[in-house]
Amino acid sequence: MTAGQDAAGATEVVHVTGHLRDAATGEPVPGWEVIISGAALSRNENSALILSSGPQGEFDFQVPAGSYELETASGRFQDAHIHLDVAAGVGASHDFDLRAAAASNAYVTQDVKTPRQMVPEVSGITFSPGGNVVAVTRRGEVWIRDAKTGGWRRFAYGLLEPFGVVAGTDRDVYVTTRGEFMHLSDTTGSGEADVYAVVDDSSGMTGNYHEFSYGLVRDKYGNFYGANGMASKDGDNFQGIVAKGQLKMDKAVPGFSNDDHRSLVPFEGWVYEVTPQGEFIPYATGFRQAMGIGLSPQGELFATDVSGSWVPTSELHHVQKGRFYGHPDGLKWDPNYEGRPVTIEMLRQMRTPPVVYVPRGPLGSALGQPVWDTTGGKFGPFGGQIFIPDWTGVVVRVDLEMVAGDYQGAVFLFAAGQGLNIGGVRGAFAPDGSLYIGQTARGWGSTAKEGIQRISWTGAAPVEIRTIRLTDRGFTLAFTVTMSPAGLAAPGSYRVKRFRYNYSIDDGSLRVDEVAVPVTGARAHADGMGADIDLVELMPGFVYEVATDGVRSAGRDPVAHPVGYYTANRLLAGSAFPAKSMLVAAPVAFGPPNPAAGGVIFRANCVVCHQPDGRGSKQVGTPDFTLAGGPLTHPDAELINQVTNGGKVMPPFGHVLGGQEILDVVSFLKQAFGSKTVR
């Protein structure tokens, strides 16, 4: 990857250049992410360009004239930031001296050793009442690790790709498998299950590779909750439907999926309940892939969903019985909609929005299981908050509040890099307060580092935004440590933008109606651990990106993850509909295609199906770009159209990636795997 990136027309290009240096040694810092963002880049995902510094720490953005925020990524170095006003024909230059991150020692990531007999495609993880790890794998096995000895034993095998687990005791384990909810019992005390009982098989299955059954949680009354994902294949040519009642494909509602994820049999696209008596209850629908199910300490049910048709980005939902959450294909199994025409306007009115939108890209792309920090302080200063692993190798943190009768709140990046592997789909807090993450990547990426990892708190105080809460005039922020009062009270210490996502049949959504929201006032809290910020305009129905670049701790340490995203479905007075705005976004221009930008986009959005080496996946059906006479020999206009509008196997990306980004990714494909010129 090179260290240059274009984003403007040839007559309007200016260069923003500089170098990264290690402040302690003066040596260049190669391969470190630099981000430039501003309204002039709104055609790009998140209105930003990202590149990695070159061998001498150099970077070179080519952008239209305008106002920009130039910043570096956090990690082993503190993030650094500067505001630049870039004039036409002049450009700008700035060098960063990066300081070692002081807060990076607050949490450590460690691999959890698994037995060599286990294929560690860990799709479910929990702890028994006795503190033993209970893990299920996609190869159909259940393993238990003794808390005292650390030894593993296989408890059960031969299951059909389980994706969730609840351990009643060390001898009674419940799992979700494809089409079945099962109770596994060790009745003899041998340490292995000898009874495999089907509790319920009301959910249908066709044999499609993507019909996963997610979960599993149990409430204090003994009710279990799980979810069925939708099948995935091009078109509706699914064979071998196996379900009660000899259901037929004419139950399918045409035109309600644009990414080939369909609800073919009951109850795909549903969250369900199974009572202690074994009764199956369809609980709520509207889910595409509810990959994570969680229960709050108060017993409230939550679920994540993964972006695609009708799901504009990753989402966290508060699941309530009988409600509809977005994807309409599961409605066919609700008798109330039998033969009833359903319009898009009806769907908009029926839909319960997520309590938190999780922006695709900065915070991953495929959320797993939400788990609550109930460790009593063993995991740091985030008690009561939600932690969610993401398949891309990050963990996000969510803080919720009740506003006008419904939950909404903020999401923050908690961990990225730091030794974390990809494939994180399941989480569980251990008795010692550490967070265990189960990882599986088969079918979507490299399986070289699947397994179990744990994140533990070292006792050092992390410098983070703890909460962002809504006020009448803006937001109140709380931090985890005492902060410098000068930064807290300065409006210039904060940057706020807002945007929305389109709810539609399209496969994901760009940010729309994105605009900077000026901060008009800031007041430090008396304890030095927070501030109230006022905005020139506060409206419901937007996601607010709140950045705290200018705030430092009393010890002068920056905030480790200085950006939070607050989903404001409602204002405190209950208003859910925005008024006319005084804020206007600046116009933008396309630029020439740039393969450096395309490489970043490819790795963030395309690598799961197309693989890092461009050779594709036979299971998914993606082509080998490296073959002579392959797809990259087609005209550029045809490739751009396919990325934008989709093809036989590929979903459309025109509603996730901007036009500039599509030009860039095609240029990257040609440079990396095919011919060198984009015409």
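Keep in mind that this is a model prediction, so the values were computed, not measured.
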Q: Kindly say whether Trp457 contributes a backbone atom to a donor-acceptor pair with the side chain of Lys378 at under 3.5 angstrom?
A: no

Q. Side chains of Asn228 and Ser213: donor-acceptor distance under 3.5 Å anywhere?
A. yes

Q.
Strictly distance-based, threshold 3.5 Å: is any side-chain N or O of Thr313 a donor or acceptor partner for the main-chain N or O of Arg360?
A. yes

Q) Can a salt bridge be assigned to the pair Glu141 and Arg154 using a cut-off of 4.0 Å between side-chain N and carboxylate O? A) yes

Q: Could you list the residues that satisfy salt bridge (Lys or Arg N to Asp or Glu O under 4.0 Å) with Arg454, not counting sequence neighbours?
A: Asp432

Q: Take Val136 and Arg426, measure what side-chain contact (heavy atoms from CB on, under 4.5 Å) needs, and give me the verdict at the end.
A: CA-CA 10 Å; Val136 300; Arg426 293 291 174 265; over 6 Å; no

Q. When you check the gap from the basic side-chain N to the acidic O, do Asp305 and Arg288 get nearer than 4.0 Å?
A. no

Q) Do Asn105 and Thr458 have a side chain donor and acceptor closer than 3.5 Å? A) no

(Q) Would you say Glu161 and Ser123 are linked by a side-chain donor-acceptor pair, where the criterion is simply a distance under 3.5 Å? (A) no

**Q.** Working for ring pair (Phe, Tyr, Trp, His ring centres under 6.0 Å), residues His561 and Phe412
**A.** CA-CA 7 Å; His561 300 105; Phe412 311 87; 9.4 Å; no

**Q.** Flag, side chain of Ser53 to backbone of Trp32, donor-acceptor distance under 3.5 Å
**A.** yes

Q | Side-chain H-bond candidate by donor/acceptor type, Asp200 with Ser202, under 3.5 Å | A | yes

Q. Would you say the side-chain atoms of Thr304 pair up with the backbone N or O of Leu316, donor to acceptor, closer than 3.5 Å?
A. no

(Q) Enumerate the ring-ring contact (aromatic ring centres under 6.0 Å, His included) contacts for residues 160-193, please, sequence neighbours excluded, ordered by first and then second residue. (A) Phe163-Phe212, Phe163-Tyr214, Tyr174-His183, Tyr174-Phe224, Phe181-Phe224

Q.
Working to the nearest 0.5 angstrom, can you tell me the gap between Asp194 CG and Thr188 OG1?
A. 4.5 Å

Q | Ion pair check, Arg442 and Glu450, cut-off under 4.0 Å | A | no

